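Structure, as structure tokens:
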Amino acid sequence: MPRPGRRLAAEFFDRPVTEVAPELLNKLLVVAADPEEGLPDLAGRIVEVEAYAGEQDPASHAHRGPTRRNRSMFGPPGTLYVYFTYGMHWCANAVCGPRGEPGAVLIRALSPPGGEWSPAEREILGDRRPRAARPVDLTNGPAKLCQALGLDGSHDGLDLTRPGSPVYILDDGTPPGDPVVTPRKGIRVGTDLPWRWHDPLDPHVSR
DNA sequence: CTTTGGATCGTCT
DNA sequence: GACGATCCAAAGG
């Protein structure tokens, strides 16, 4: 039985990153079922995002032009950009704007679509994140949610909009709501830009 | 509760 | 050779 909703298409992402970012709130990030491993669909509601632009954004990985690491940011709209940082963590972004113009939305936190993770989901996510003390700790950070969903460098560069792709973003009809806007976190430059959006009522927002 | 420092390594200078 | 779009545990109030 397919999850109700519509997969976001390339046109959705082919806009300025600061326009797309807040609209990704309350969409569902989905990692498709893997029958080989006996894994079901894993989906989380996006409740916190940040926008990263191109050369004009000093905090962006694309600030100094294309490199091997950031090449996915220069791909077509709807590309998944997964990068490795701090020697141990993966983080996931949705690439926005036309091909060749780098822009990406960092997905910083997920909430269980049904209000809480099902027992089956909790078992899978908990096995992958054994240090999580509480259920919210499974997905309340950009590297935590990648670990919980099993996202890593092998997913970098895939097309979120292609029918049949193993990772995609679903619109189930829930509007973005009433997000709060703040400066971005964990950066040392570009801290004046109000490019972080989150749902202030959701307990899964990062600290 | 808040603050602080260590972990850990691919990437770019 | 330096430094992260982070996380975690330990220590302090």
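Keep in mind that the numbers below use all heavy atoms, side chains included, and drop hydrogens, waters and symmetry copies. Bear in mind the structure is a predicted one, so any value in this text is a computation, not a measurement.
Taking atom CG on A:Asn70 and atom P on B:dT11, their separation rounds to 11 Å, with Å as the unit. Protein atom NZ of A:Lys144 is 11 Å distant from nucleotide atom P of C:dT6, rounded to whole Å. Atom CZ in A:Phe84 sits about 16 Å away from atom P in B:dA7, given to the nearest Å. Put simply, CG on A:Asp137 is 14 Å from C1' on C:dT6, counting in whole angstrom units. Rounded to whole angstrom, the span from the CZ atom of A:Arg134 across to the P atom of C:dC7 amounts to 13 Å. Across the protein-nucleic acid pair, A:Met73 atom CE and C:dA5 atom C1' stand 10 Å apart, rounded to whole Å. A straight line from NE2 of A:His63 to C1' of B:dT11 spans 17 Å, rounded to a whole angstrom. In this structure, CZ of A:Arg184 is placed 11 Å from P of C:dA5, rounded to the nearest angstrom.
Taking the six-membered ring for Trp and thresholds of 30 and 60 degrees, A:His61 and A:Tyr83 have ring planes more than 60 degrees apart, a perpendicular arrangement.
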Dot-bracket for DNA chain C, 5' to 3', with Watson-Crick and G-U pairs under 3.5 Å, [ ] for crossing pairs and | for other-strand pairs: what is it?
||||.|||||||.
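Expressed to the nearest 0.5 Å, how far CG of A:Leu25 lies from OG1 of A:Thr174 amounts to 11.5 Å. How far SG of A:Cys146 is from CZ of A:Phe84: 12.0 Å, rounded to the nearest 0.5 Å. Rounding to the nearest 0.5 Å gives a distance of 7.0 Å between CG of A:Leu29 and CG of A:Leu145.
Between A:Arg131 and the phosphate of C:dC7, there is no side-chain N or O to OP1/OP2 separation shorter than 4.0 Å.
The closest donor-acceptor contact from the side chain of A:Arg45 to the backbone of A:Asn26 lies under 3.5 Å.
Counting atom types as modelled, A:Tyr86 pairs no side-chain N or O with a base atom of B:dA7 as donor and acceptor under 3.5 Å.
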Would you please test A:Arg15 and A:Cys96 for side chain to side chain contact (heavy atoms under 4.5 Å, CB included) and show each step?
CA-CA 6 Å; A:Arg15 293 179 290 154; A:Cys96 298; over 6 Å; no
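Using a 4.0 Å heavy-atom cutoff across all strands shown, A:Arg196 reaches no nucleic acid atom at all. Heavy atoms of A:Ala143 sit under 4.0 angstrom from primed sugar atoms or phosphate atoms, though from no base atom. As judged by a 4.0 angstrom heavy-atom cut-off over every strand, A:Leu106 is placed among the base-contacting residues.
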